[in-house]
Amino acid sequence: MIYHLMVNEKVKETPTVFSIYFDWDVDILPGQFVMVWVPGFSEVPMTVASVKDKKCITVKVYGKTTEKLSQIEKGDLLYIRGPYGKPFTFNNGEKLLIGGGSGMASLRTLIDEKSTGIIASKTGDELLFKDEFLPGRAICVTEDGSSGIKGLATEGIKAVDLKKFDAIYVCGPEMMMKSIFEILKDTDLNVEFSFERSMKCGIGLCDSCSIDGLQVCKDGPTFNMNQVRAMYEFGRTKLLSSGKRIYMK
Ligand code: FES
């Protein structure tokens, strides 16, 4: 079923990322996603970045469909299927949220008074949702050094005591997640990853999102550390929209 939902607010979050708010009377859990149809273009998977009364999707422009979505305004209609996917396992204790680029959109739904964020981006003006953490709980990392620590998300990890966290959640580009995985894989920390892969159907039919026999849309997009440890393809291969599997650089 496709829901027709009216946009009631659009917020520019960074120069290239914006949030679209709408009313939708469904239960959505942190980490779940929706498929958004843009008439005349295609359907794209979007993480839900607010799951409370006001729902929202947070969009980074990266192709024609998201470019068209960026032109949507208050009063326009959104065409949405879902919600889909396995949510994060919520932990009520101290949480570390590690988000790269627009990956922070998925983690935003976990931010509370016990959350610490490692927010990574290329430049300071692209740091997403850093102001939603309590003061002193947002560690910013930028590749160009224009804000916070200079470097990649892995540099942010050096600034925290990992042992104090009851749960760690990671979302961002796959190679970024892979580098975080390499640091955490031999620990007994409670870690979950949210995967971003090419998706067509969103409901386990087309296999465009598969990784090691699992479907990111149905078996994920959240996977725990044990599941990720067992993946050979993680950080190694991806499927093109043609269905061809290629090695990542
Ligand atoms: S997107 Fe079709 S099987 Fe996952």
Side-chain angles (χ1 to χ4, degrees), residues 1-5 20 22 24 26-49 51 55-69 78-89 99-109 169-178 181 191-248:
M1 171 172 182
I2 294 185
Y3 295 86
H4 298 192
L5 305 168
I20 299 170
F22 48 91
W24 191 15
V26 296
D27 292 331
I28 308 178
L29 295 168
Q32 289 192 297
F33 71 95
V34 293
M35 297 297 291
V36 181
W37 175 53
V38 181
F41 289 80
S42 62
E43 254 191 334
V44 282
M46 286 281 155
T47 189
V48 182
V51 295
K55 310 289 192 296
C56 100
I57 53 171
T58 294
V59 183
K60 181 170 177 71
V61 176
Y62 63 87
K64 287 185 183 153
T65 304
T66 46
E67 172 73 43
K68 184 70 183 169
L69 205 49
L78 265 181
Y79 303 95
I80 283 183
R81 286 193 289 128
Y84 298 128
K86 203 160 64 76
F88 289 116
T89 308
S102 56
M104 266 314 294
S106 168
L107 302 177
R108 183 198 195 191
T109 51
Y169 303 88
V170 188
C171 186
E174 195 158 314
M175 297 314 282
M176 167 254 170
M177 292 207 297
K178 178 83 171 176
F181 167 78
V191 189
E192 289 189 353
F193 297 82
S194 178
F195 280 44
E196 298 174 348
R197 287 228 151 183
S198 164
M199 286 188 197
K200 288 182 183 169
C201 73
I203 51 173
L205 298 176
C206 72
D207 217 31
S208 68
C209 63
S210 80
I211 178 164
D212 290 285
L214 295 170
Q215 290 171 331
V216 171
C217 66
K218 216 170 139 196
D219 301 308
T222 66
F223 294 98
N224 63 34
M225 183 54 107
N226 279 340
Q227 289 175 300
V228 178
R229 278 194 193 104
M231 291 176 181
Y232 169 79
E233 293 183 38
F234 175 52
R236 286 198 176 95
T237 70
K238 65 178 179 182
L239 284 176
L240 299 178
S241 55
S242 64
K244 185 178 176 193
R245 193 174 298 278
I246 62 162
Y247 278 87
M248 295 181 184

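All figures in this text were calculated on a predicted structure; none of them were measured in a lab. Computed over heavy atoms, backbone and side chain alike; hydrogens, waters and symmetry mates excluded. When a ligand or atom number is given, it counts from 1 through the structure's own listing order.
Each of Y79, F22, W24 was scored for a ring-ring contact (aromatic ring centres under 6.0 Å, His included) with Y3, with one residue passing: W24.
The pair R197-E174 meets the salt-bridge criterion, since a charged nitrogen lies less than 4.0 angstrom from a carboxylate oxygen.
The backbone and the side chain of M199 each have at least one atom closer than 4.0 Å to an atom of ligand 1 (non-hydrogen atoms only). Residue V216 does not touch ligand 1, judged by heavy-atom distances below 4.0 Å. Of all the heavy atoms of K200, the ones lying under 4.0 Å from any atom of ligand 1 belong exclusively to the backbone.
Within the coordination shell of atom 4 (Fe) of ligand 1, defined by N, O or S atoms under 2.8 Å, C217 is present. Within the 2.8 Å limit, C209 places no N, O or S atom next to atom 2 (Fe) of ligand 1.
Counting heavy atoms from C-beta on, the side chains of V170 and M176 come closer than 4.5 Å.
Residues T65 and S42 have side chains that bring a donor and an acceptor to within less than 3.5 angstrom of each other.
Closest to atom 3 (S) of ligand 1, if we only count protein heavy atoms, is D207 N, 3.1 Å. Of the protein's heavy atoms, G202 N, 3.3 Å lies nearest to atom 1 (S) of ligand 1.
Judged by distance alone, the side chain of R81 and the main-chain N or O of C201 form a donor-acceptor pair under 3.5 Å.
Those atoms of ligand 1 with a heavy atom of S208 less than 4.0 angstrom away are 1 (S). Less than 4.0 angstrom separates some heavy atom of C206 from each of these atoms of ligand 1: 1 (S), 2 (Fe), 3 (S).
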